[in-house]
Amino acid sequence: MSQASSASVGDTQTQSTDGALADVRVLDLTDERGIYGAKLLADLGADVVRPEPLEGDPLRQRGPHHEVAGSAATSLWFAFFASNRRFFALDPDATQGLAQLRQLAQRAHIILTCDAAFGVAQLDLEQLQDQRPELVVINTSSFGPSGPWRNYLAPDLVAGALGGAVATTGDTDTPPLKGFGELNFMVCGAYAAIAALAALFSARQTGAGQRADVSVHESIASCLEQVLMFYWYADRLMRPSRVLPRQGATHWSNAYTVMPGKNGSIMVTPTPDFDNQLAWLIEEDAHGDLIEPKYMDPENLPLRVQRTMELLREWVAEKDVQTLFHEAQSRHCPYGWVLPIEHVADNPQLDARQWYQPYQIGAAEITSPGAPYNFTHTPWRLKPHGESGADTEQVLADIGWGAQS
Amino acid sequence: MTEAPRPLDGLKVLDFTHVLAGPFATRVLGDMGADVVKINSVSRAAAANDPAHPYYLMWNRNKRALALDMSNPQSRPVCRALCEQADVVIDNFSVGVLDRWGVGYDIISQTNPGVIYVQMSGMGEGGPWSKYVTYAPTIHALAGLTHLTGVPGREDIGIGFSYNDHQAGLHGAVAILAALAARHRSGRGQRVDVSQFEVGVNFAGPALLDLFANGNLARPCGNDLPYDQAAPHNVYPCIPKSPAGYKGNEGNDGVENIEQQRWIAIACMTDEHWQALKTVMGSPPWADANQLDTAAGRLDNQAELDVRIGAWTQEFEAYELMALCQQAGVPAGVVQDGVDLVENDPQLAAAGFFEKLEDVHESLGQTWVDHLPIKFSRTPCEQYQRVRALGEDNEAVLADWLAMDDTTIAAAQDQGVLQ
């Protein structure tokens, strides 16, 4: 059996793409916790190979699905999170499959893993890093490699609950709520991509790779805006409590909230320029008593916020929300029209920036969300999304398997 | 401060950002060892941009502070020289501000071709909304996140914190690191345009694909999974935090005191999880109904299931119940608030996730940090410097980046440049 040569950091002999990471090879052994990180790297042009069981990646069962007459349903969830991958079907418990998996690992610059994800247990990553000290391995786990909760099970809802996100979301008359979809795992996914690229940067400077552990739990806790600020600085914020319970769409400052208009809802705020908002209310004779001197005293800012929001709620109730949104923005007021998904899909700003992209998913071309960033020299793009094991032959050729068989 | 190596050692970042999203991007870079020089000025250091404001204290550790009055024309050459030394220049001003200052990408890249410019604006460059003013609640509303996060029939809930600001920061950091990787290959820098709106819309990816492919309109679904079958999958009440709260669970004004509430999340993702939960519950007869053996059957009976489970959980202290569930293989977790995270969470405590900084500045007071949630084996990022006061690092930055001597720095100070 011929062995494919090991990768060296900065090696440019790789599958050519136009993306920022066109010379970076990644082995994707993630589950829901880390798959978004692998997506970010893949969409930036890295050659990301995702091995999957011979019977198919279990994440291909995640909904929503797209059904085309005469063929199996395709997971749109998987098409989104596993975009730009090359799919390789193997059995890591069989001699040949394990050898193939090891060869894939040998040629990778970065290996992304999650505890207990497909193929991870069969690879001896410590030994691999001993053999290839430039290798970067990023492991995403629910709680990190140690600690009393390290073996706890934490799907997105549980992760969000323990991490602090769920407690802040919801209203006084609802239970605490999770965000829609996979918002918690998308945070740790972003951190996993950061860890991989930072370690790659370091490896290219020093020649030395390393392992990094990303904790889902810590990732969520690090992205809670006011939660830790209230705990640590409640006195300075003149807050009566270190905890702010869930309060619907009302911001912790009480100066942003969602209000009903005539034909929808709109996020309304008098910030950052209360006087600008007051002038607008005066124009429309909707200012009530806001011009009384007591509201101008900086010490009465909470009172001014409260009264302004009361008056705004009455005023907004009679407004067409679309017209109000654009009028507010023309006055530099950061209102936000609460858009349902169909209006997000049909949006003049996204259209003007040609944000949505065509995406070949199996036999169908479907419109897809685009990039979260635009690079001037290294464009982001979506390659066709394949079925289970779609790229196995090509990947086998890349790792030299065809030459020895 | 110890000088153990960190992954981004040697990287120079010039940081013009303010509020949350931009500072969070550079916070992550600073945590990983980049030399982040944050530009501020006397005239701009107000509200969330005041170094003593808690909001500023949260997002600006591990950065050096340079005061530079950009309204003073004599500051421009200093700013330009800094840009010419930078690996990364990042801002979240309106489009064109850096150009007007004579330090835009097109100018600086002529002498610093490797420089990477990142602009993190609300709407990105170009388009009819490009000049719209946005904060995270604005983006949440426009991106569909407010509409989708809540319960059926409501569109006034949304995410309870500035999720998208954090994520825009993280995606900004990803973009910078990717651009650095591209520079390694090509030797050339580039501009990166990060639209916080587009970052936010991206999070509805599967729902948008479902709309475009199938015409399905995603709607808020509480704690249910929007597309997959899992039940029970919700949060359930436990014994409130204090006995006083438990007695009717009402505050003095008669209004339910939700601060006292305790909840536990239980997420049975498989039939095995459900069977394990039944065991933890003591196998009550109602749970043995055949229709509950499958996820589809449990979803058909979800309302009743939630009521019965809630009646059971409310007899338990939340952390004890979580331990019972987890020991039996049931995914369960206490709904933790800020006090819980800092005071009651043994996992975060074991990780040393929070730190009270010993170095206290007289005008900024005591500060704390939450650690980077990435643990590097060779280049651990366990060095945390407090937020710096306005202009606290003027001399050091100008000496390190521009090799300015004391006399030159003093002259700049006299000209009102460094304030």
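Naming: A, B, ... by sequence-line order, numbering from 1 per chain. The structure displayed is predicted, hence computed values, not measured ones.
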Counting only non-hydrogen atoms closer than 4.5 Å, does [X] touch chain B with its backbone (N, CA, C, O), its side chain (CB onward), both, or neither?
{"X": "W232(A)", "value": "both"}
{"X": "Y231(A)", "value": "side chain"}
{"X": "F78(A)", "value": "neither"}
{"X": "A196(A)", "value": "neither"}
{"X": "H332(A)", "value": "both"}
{"X": "T269(A)", "value": "neither"}
{"X": "A364(A)", "value": "neither"}
{"X": "Q61(A)", "value": "backbone"}
{"X": "L40(A)", "value": "side chain"}
{"X": "A192(A)", "value": "neither"}
{"X": "N347(A)", "value": "side chain"}
{"X": "I194(A)", "value": "both"}
{"X": "S241(A)", "value": "side chain"}
{"X": "H65(A)", "value": "backbone"}

Parallel, tilted or perpendicular: which describes the rings of H171(B) and Y36(A), with under 30° parallel and over 60° perpendicular?
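H171(B) and Y36(A): tilted rings.
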Any donor-acceptor pair under 3.5 Å from [X] side chain to [Y] backbone:
{"X": "Q336(B)", "Y": "A167(A)", "value": "no"}
{"X": "Q347(B)", "Y": "S146(A)", "value": "yes"}
{"X": "R378(B)", "Y": "A208(A)", "value": "yes"}
{"X": "E225(A)", "Y": "S162(B)", "value": "yes"}
{"X": "R353(A)", "Y": "E125(B)", "value": "yes"}
{"X": "T169(A)", "Y": "I159(B)", "value": "no"}
{"X": "N223(B)", "Y": "P176(A)", "value": "yes"}
{"X": "Y227(B)", "Y": "W77(A)", "value": "no"}
{"X": "T146(B)", "Y": "V338(A)", "value": "no"}
{"X": "E218(A)", "Y": "H371(B)", "value": "no"}

Closest non-hydrogen atom pair, [X] against [Y]:
{"X": "Q167(B)", "Y": "A190(A)", "result": "OE1-CB, 3.7 Å"}
{"X": "A178(B)", "Y": "L21(A)", "result": "CA-CD2, 4.0 Å"}
{"X": "S222(A)", "Y": "F24(B)", "result": "O-CZ, 3.6 Å"}
{"X": "F376(B)", "Y": "A212(A)", "result": "CD2-CB, 3.7 Å"}
{"X": "V158(A)", "Y": "A265(B)", "result": "CG2-O, 4.1 Å"}
{"X": "E259(B)", "Y": "P245(A)", "result": "CG-CG, 3.2 Å"}

Got a sec: does the CD of Q366(B) have more than 12 other heavy atoms crowding it under 6.0 Å?
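Buried by this count: over 12 neighbours within 6.0 Å.
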Taking G248(A), C223(A), A249(A), P372(A) one by one, which has the highest count of heavy-atom pairs under 4.5 Å against chain B?
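Highest number of pairs under 4.5 Å: C223(A).
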Contact check, side chains of [X] and [Y], non-hydrogen atoms, under 4.5 Å:
{"X": "C221(B)", "Y": "F180(A)", "value": "yes"}
{"X": "L44(A)", "Y": "V174(B)", "value": "yes"}
{"X": "W149(A)", "Y": "P346(B)", "value": "yes"}
{"X": "Q329(A)", "Y": "T138(B)", "value": "yes"}
{"X": "R246(A)", "Y": "V335(B)", "value": "no"}

Quick one: what part of A52(B) sits under 4.5 Å from any heavy atom of chain A, side chain, backbone, both or neither?
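Just its backbone gets close to chain A.
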Approximate separation, where rounding is to 0.5 Å, of [X] [atom1] and [Y] [atom2]:
{"X": "T172(A)", "Y": "Q261(B)", "atom1": "OG1", "atom2": "CD", "value": "9.5 Å"}
{"X": "L350(A)", "Y": "F197(B)", "atom1": "CG", "atom2": "CZ", "value": "4.0 Å"}
{"X": "E182(A)", "Y": "F203(B)", "atom1": "CD", "atom2": "CZ", "value": "12.5 Å"}
{"X": "I266(A)", "Y": "E155(B)", "atom1": "CD1", "atom2": "CD", "value": "11.0 Å"}
{"X": "T378(A)", "Y": "R185(B)", "atom1": "OG1", "atom2": "CZ", "value": "7.5 Å"}
{"X": "S219(A)", "Y": "H166(B)", "atom1": "OG", "atom2": "NE2", "value": "12.5 Å"}

Chain A contacts, top residue of [options] (heavy-atom pairs, under 4.5 Å):
{"options": "V194(B), L372(B), L148(B)", "value": "L148(B)"}
{"options": "D345(B), L348(B), T134(B)", "value": "D345(B)"}
{"options": "A181(B), A350(B), A34(B), G158(B)", "value": "A181(B)"}
{"options": "M58(B), Q196(B), H140(B)", "value": "M58(B)"}
{"options": "D193(B), N234(B), T149(B)", "value": "D193(B)"}
{"options": "Y105(B), F354(B), F353(B)", "value": "F353(B)"}

Would W263(B) and V166(A) count as a side-chain contact (heavy atoms from CB on, under 4.5 Å) here? Give the steps.
CA-CA 10 Å; W263(B) 299 83; V166(A) 170; over 6 Å; no
Apply side-chain hydrogen bond (donor to acceptor under 3.5 Å, both in side chains) to Y373(A) and E198(B), showing your working.
CA-CA 8 Å; Y373(A) 19 56; E198(B) 290 166 2; over 6 Å; no
Would you check, one step at a time, whether the test ring pair (Phe, Tyr, Trp, His ring centres under 6.0 Å) holds for Y356(A) with F212(B)?
CA-CA 11 Å; Y356(A) 287 108; F212(B) 287 123; 5.1 Å; yes
W252(A) and F161(B): ring pair (Phe, Tyr, Trp, His ring centres under 6.0 Å), yes or no, with the steps?
CA-CA 8 Å; W252(A) 60 264; F161(B) 55 100; over 10 Å; no
All side-chain hydrogen bond (donor to acceptor under 3.5 Å, both in side chains) counterparts of D228(B), not counting sequence neighbours:
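Counting only residues at least two positions away or on another chain, D228(B) forms a side-chain hydrogen bond (donor to acceptor under 3.5 Å, both in side chains) with R62(A).
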